[in-house]
Amino acid sequence: MIRSMLNLRPKTGGSRALVRFFEERRIPARALAFPGCLGVEVQTLLPHGEEVVVTALWETLESYQAYLDSAGREEDVVRMLPLLADVPDAVGPARLY
């Protein structure tokens with residue numbers, strides 16, 4: 001099993017909007033419906049939400065890669081960008097454990 005971890009930096013005061021984006025686009029539900037996805041969590045850094053972290057548990061690296069290559073992922077990223085801070089590390093590199 002592997003765990004993917006993605007760190008996101010929302011615009012100041014925008015962590016709720018970013019989490020809502022994930023809910024409205026059904027990103028966690030879509031990932032969970034994907035073969036090999038065992039769990040997804042979207043969390044904000046307390047107390048003020050300066051960072052949002054998205055983690056998922058995958059059966060294999062191949063199942064994670066297949067999800068990354070799936071239809072709709074690129075559109076999710078494009079629609080998410082306006083919610084992120086205008087800093088170079090607004091989307092941290094995805095890390096795999």
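Worth knowing before you read on, the calculation uses all heavy atoms, side chains too, and leaves out hydrogens, waters and symmetry mates.
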Test of understanding: with side chain to side chain donor-acceptor pair (under 3.5 Å), list the residues that count as partners of E24, not counting sequence neighbours.
none

What are the two closest heavy atoms between P10 and G49, and how far apart are they?
CG-O, 3.6 Å

Around Q43, counting heavy atoms of other residues, nucleotides and ligands shown, do more than 12 lie under 6.0 Å from its CD?
yes

Would L83 end up clustered with L81 when hydrophobic side chains under 4.5 Å apart are linked, directly or stepwise?
yes

Can you measure from CZ (R25) to CZ (R30) and round to the nearest 0.5 angstrom?
6.0 Å

Under 4.5 Å between side-chain heavy atoms, counting indirect links through other Ile/Leu/Val/Met/Phe/Trp/Tyr residues: same cluster for V54 and I2 or not?
yes

Is the number of heavy atoms from other residues, nucleotides or ligands under 6.0 Å of D86 CG greater than 12?
no

With side chains defined as the heavy atoms from C-beta onward, is the minimum distance between L68 and Q65 less than 4.5 Å?
yes

In one Ile/Leu/Val/Met/Phe/Trp/Tyr side-chain cluster, 4.5 Å: V91, L96
yes

Roughly how far apart are E50 CD and L8 CG, rounded to 0.5 Å?
14.0 Å

Looking at T44 and S15, what are the two nearest heavy atoms and their distance?
CG2-CB, 4.0 Å

Partner set under ring-ring contact (aromatic ring centres under 6.0 Å, His included) for Y67, not counting sequence neighbours:
F34, W58

Using a 4.5 Å cut-off between side-chain heavy atoms of Ile, Leu, Val, Met, Phe, Trp and Tyr, which other residues end up in the same hydrophobic cluster as M5?
V53, Y97

Heavy atoms of other groups near R73 CZ, more than 12 under 6.0 Å:
yes

Taking only residues two or more places apart in sequence, or in another chain, which ones meet S63 in a side chain to side chain donor-acceptor pair (under 3.5 Å)?
T60

Option passing side-chain contact (heavy atoms from CB on, under 4.5 Å) with L84 (candidates V52, L18, D89):
L18

Where the side chain of K11 meets the backbone of P82, is there a donor-acceptor pair that is under 3.5 Å apart?
yes

Look only at the side chain of R79 and the backbone of F21, and say whether a donor-acceptor pair between them is shorter than 3.5 Å.
no

Once rounded to the nearest 0.5 Å, what's the spacing between atom CZ of R26 and atom CG of D76?
11.5 Å

Connected-component partners of V40 among ILVMFWY, side-chain separation under 4.5 Å:
L32

Mind checking who shares a hydrophobic cluster with V87, ILVMFWY linked at side-chain heavy-atom distances under 4.5 Å?
none

